[in-house]
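Working notes, structure below.
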Amino acid sequence: MRIAEVQQAAAEVGRLYAERFGIARDPAFYLGKLTEEMGEMTAAWLKLNGRARGEGSRAALEDEAADVLGFLLVFADWQGIDLAEAFRRKWGVHLPDTFASECRP
C-alpha cells in the first residue's frame, strides 16, 4: 500500500472516529490528537523500558506508534500535504543519488 492510500484510509478513519464520538474536527482536534498520541506513545515506551510505573508491552508501543502515524496522516490530509513528496524533498537529499536527485530543486 502506498502512503497516499494509507493517508486516504487514515482520513476516513479520522472522519469515522469524530462522527462516532461526536467530535468537531476543528484545528484543535487535528493537532490535539497528534500531540495526545505522541504522549501516549512516550508513556508506552517509558513503561516498556521500566522508566514509568505500570507494566508495558511491545504491542502497546506498536499500537501507539500506529496512532501517531494515523493522526499525522489525518493532519496531513487536512492540510493538503503530500507526505511522500514532502519526505522526498526534505529527507531525500540525504539518501543516495538515485533517490535524492528527484528531490533537488
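The first residue in the sequence is number 1, and the count goes up from there. Fair warning: this is a prediction, and the values are worked out from it, not measured in the lab.
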Exercise. To the nearest 0.5 Å, how far apart are CD in Gln79 and CG in Leu31?
Worked result: 8.0 Å
Problem set entry | Charged N-O contact under 4.0 Å between Glu85 and Arg89 | no
Exercise. Nearest heavy-atom pair of Ala11 and Asp77: which atoms, and what distance?
Worked result: CB-OD2, 3.3 Å
For this session: State which residue, out of Leu69, Val68, Asp63, Thr42, fulfils the side chain to side chain contact (heavy atoms under 4.5 Å, CB included) condition with Glu37.
Result: Val68
Problem set entry | Contact summary for Leu34 and Leu72, nearest pair of heavy atoms | CD1-N, 3.6 Å
For this session: Identify the heavy atoms of Gln7 and Ile81 that sit nearest to each other, and give their distance.
Result: NE2-O, 3.2 Å
For this session: Kindly give the heavy-atom pair with the smallest separation between Gly14 and Val74, and that separation in Å.
Result: CA-CG2, 4.3 Å
Exercise. How about Phe71 and Phe75: are their ring centres within less than 6.0 Å of each other?
Worked result: no
Exercise. Counting only heavy atoms not in Glu55, do more than 12 fall under 6.0 Å of its CD?
Worked result: no
Exercise. Parallel, tilted or perpendicular: which describes the rings of Tyr17 and Phe21, with under 30° parallel and over 60° perpendicular?
Worked result: tilted
Seminar exercise, completed: Closest non-hydrogen atoms of Ala60 and Ser57, given as atom of the first, atom of the second and distance, are N-OG, 3.0 Å
Problem set entry | Shortest non-hydrogen contact from Ala44 toward Glu64 | CB-CG, 4.1 Å
Exercise. Hey, any chance Ile23 and Leu73 share a hydrophobic cluster, counting ILVMFWY side chains that come within less than 4.5 Å of each other, even indirectly?
Worked result: yes
For this session: First locate atom CZ of Arg2, then atom CD of Gln8, and finally report the distance between them rounded to the nearest 0.5 Å.
Result: 12.5 Å
Exercise. Any donor and acceptor pair, going by atom type alone, linking the side chain of Asn49 with main-chain N or O of Arg51 inside 3.5 Å?
Worked result: no
